[in-house]
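First comes the structure, then the notes that go with it.
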Number of protein chains: 2
Amino acid sequence: MATKTSTTQLTETAKPGEAGQHQPRAAERILGVARNLFYREGIRAIGVDEIVRQAGVTKPSLYRSFSSKDELAATYLRNYEVEFWERFDQAVSAHPGDPRSQIRAFLTRVGHRAVQTDYRGCGMTNAAIEYPEHGHPARQVGEENKRELRRRLRAMAAEMGAEDADTLGDGLLLLLEGAYVSGQLFGPGGPAASVAENADRLISASLKAR
Amino acid sequence: MATKTSTTQLTETAKPGEAGQHQPRAAERILGVARNLFYREGIRAIGVDEIVRQAGVTKPSLYRSFSSKDELAATYLRNYEVEFWERFDQAVSAHPGDPRSQIRAFLTRVGHRAVQTDYRGCGMTNAAIEYPEHGHPARQVGEENKRELRRRLRAMAAEMGAEDADTLGDGLLLLLEGAYVSGQLFGPGGPAASVAENADRLISASLKAR
DNA sequence: TGTTCATGTTACTGACCGGTACGTTGCGGA
DNA sequence: TCCGCAACGTACCGGTCAGTAACATGAACA
């Protein structure tokens, strides 16, 4: 029914004929399409047929590179996580030695993205909600990411000199997750726009002796 | 496989022989089973066959009471929302005229539930994440609920005398949603345990002139 | 030129998806 | 006793699910 669109461009194509490395084009195109569809529609909502159709390949090509749909989803999430930490570290390195500004910079950007139309939140959080079963490959990526994120936020809270650094770090994590979820629930004009401001107020309250 | 459980009690049974209203038993059993399964496993993850099997009925019985699976899911969520407001209003009426204590009471209970094993967050939030498509019956229930919740939280923030009541109300909503999500991601010992404490600090910071 | 091997294809599987046509049962009232 | 009717079950629909067997192609290398 739908015409075959070639809009799914691969961002970085392995240059053919170099270093003898012949990265399969199919796997990258599949991953790119899966990333778009999984993020926008959800993992359970998208079948492998839809993915291979939009990628312009066929199912055996998918299953040669990924052992299962679950593994494809996990790969999508691992890539997603890499980019997440890139954004996070970008905010960190923009304000060396100033964790409060680091948090503010990161959350300002999150808050901005979260009120865009068709914002769909955090792919890892969404996947964990879609797959409540412990041990599911897709869920594990999210669980591990959130544990590490919690560790870093608590460390940053301690670096700020907060009395109860763990509580502050957890509060920042709650605000962040709330922004992810509320962003896709409310859309433009939603409460996620104020995540950075609220985080800063929470930091203020947590820094002064109570 | 599973033995036929009769745990799905109907909360309010239409007394037979009264007013000619004969509520079918099948519909209530279906709704009870659907509620359990949809909440614990997710809506997309559960097929109607599984529901009717556990309810001990057959599919036509389901489709006589519910026009579609989506409508069954929406009914489950509407019931879920009723109980949500019951819990919310319970915290409110426990501290008349004291919105700060109302918030603390509500969030204390949420924080406690959110760190239980197998906690699965807010059914409405989860459904909205499972169904990103605008206009989906299941999603609409959640969207409407969150809008009303936001309105009430902002009103309570104003009642507290916050300078920027809308920002504080939104901050409380972010913390709440974050507790829902983090609760099911981290399980026991997760950051959701501190949602009430963080909310109280945020209120403190928002009440004093900046 | 012939071999090898990764990447591509067509065509298929059994299970499950949501949903339905149609027959059966049981009960209250005439 | 029989009717009418609502509640329920049997058996089935086409479509889609994830996953696979078997074969074609094309380039690198001997």
Identified side-chain contact (heavy atoms from CB on, under 4.5 Å) partner of Val33(B) from the options Ile30(B), Asn36(B), Leu37(B): Leu37(B)
Measure the distance from CD1 on Ile30(A) to P on dT7(C) and round it to the nearest whole Å. 11 Å
Euclidean distance, atom CG of residue Asp49(A) to atom C1' of dC12(C) [Å, nearest integer]: 13 Å
Nearest whole Å is fine: how far is dT9(C) C1' from Leu62(A) CG? 15 Å
How close or far is atom C1' of dG19(D) from atom CZ of Phe66(A), stated in whole angstroms? 15 Å
A quick test of your reading: do over 12 heavy atoms of other residues, nucleotides or ligands sit less than 6.0 Å from NE2 of His136(A)? yes
Check the distance between dG8(C)'s C1' and Lys59(A)'s NZ and give it to me in whole angstrom. 16 Å
Asp89(B)/Arg152(B) ion pair, N-O < 4.0 Å: yes
dT20(C) OP1/OP2 closer than 4.0 Å to side-chain N/O of Tyr63(B): no
Take the protein atom CD of Glu50(B) and the nucleotide atom P of dG19(C), then report the distance between them rounded to whole Å. 17 Å
Nearest to side-chain heavy atoms of Pro60(B), which nucleotide of dA11(D), dT20(D), dG19(C): dA11(D)
Toward the 5' end of DNA chain C, by each residue's nearest nucleotide, Arg64(B) or Ile43(B): Ile43(B)
Checking only heavy atoms, does the side chain of Lys69(B) share a donor-acceptor pair with the base of dG18(C) at less than 3.5 Å? no
Which nucleotide, dT10(D), dT10(C), dG18(C), lies nearest any side-chain atom of Thr58(B)? dT10(D)
Any Ser68(A) side-chain nitrogen or oxygen under 4.0 Å from OP1 or OP2 of dA18(D): no
Suppose we screen for side chain to side chain contact (heavy atoms under 4.5 Å, CB included). Which residues come up paired with Pro137(A), at least two apart in sequence or across chains? Asp70(A), Glu71(A), Ala74(A)
What is the distance from CZ of Arg44(B) to C1' of dT16(D), rounded to the nearest Å? 13 Å
Counting the atoms with a prime plus P, OP1 and OP2 as sugar-phosphate, which does Ser61(A) contact under 4.0 Å by heavy atoms, base, sugar-phosphate, or nothing? base
Whole-Å distance separating the CZ atom of Arg29(B) from the C1' atom of dA7(D): 14 Å
With heavy-atom distances below 4.5 Å as the criterion, would you say the side chains of Ile51(B) and Leu72(B) are in contact? yes
Which part of the nucleic acid, if any, lies within contact of Ile46(A), taking any heavy atom under 4.0 Å across all strands shown: a base, the sugar-phosphate backbone alone, or nothing? sugar-phosphate
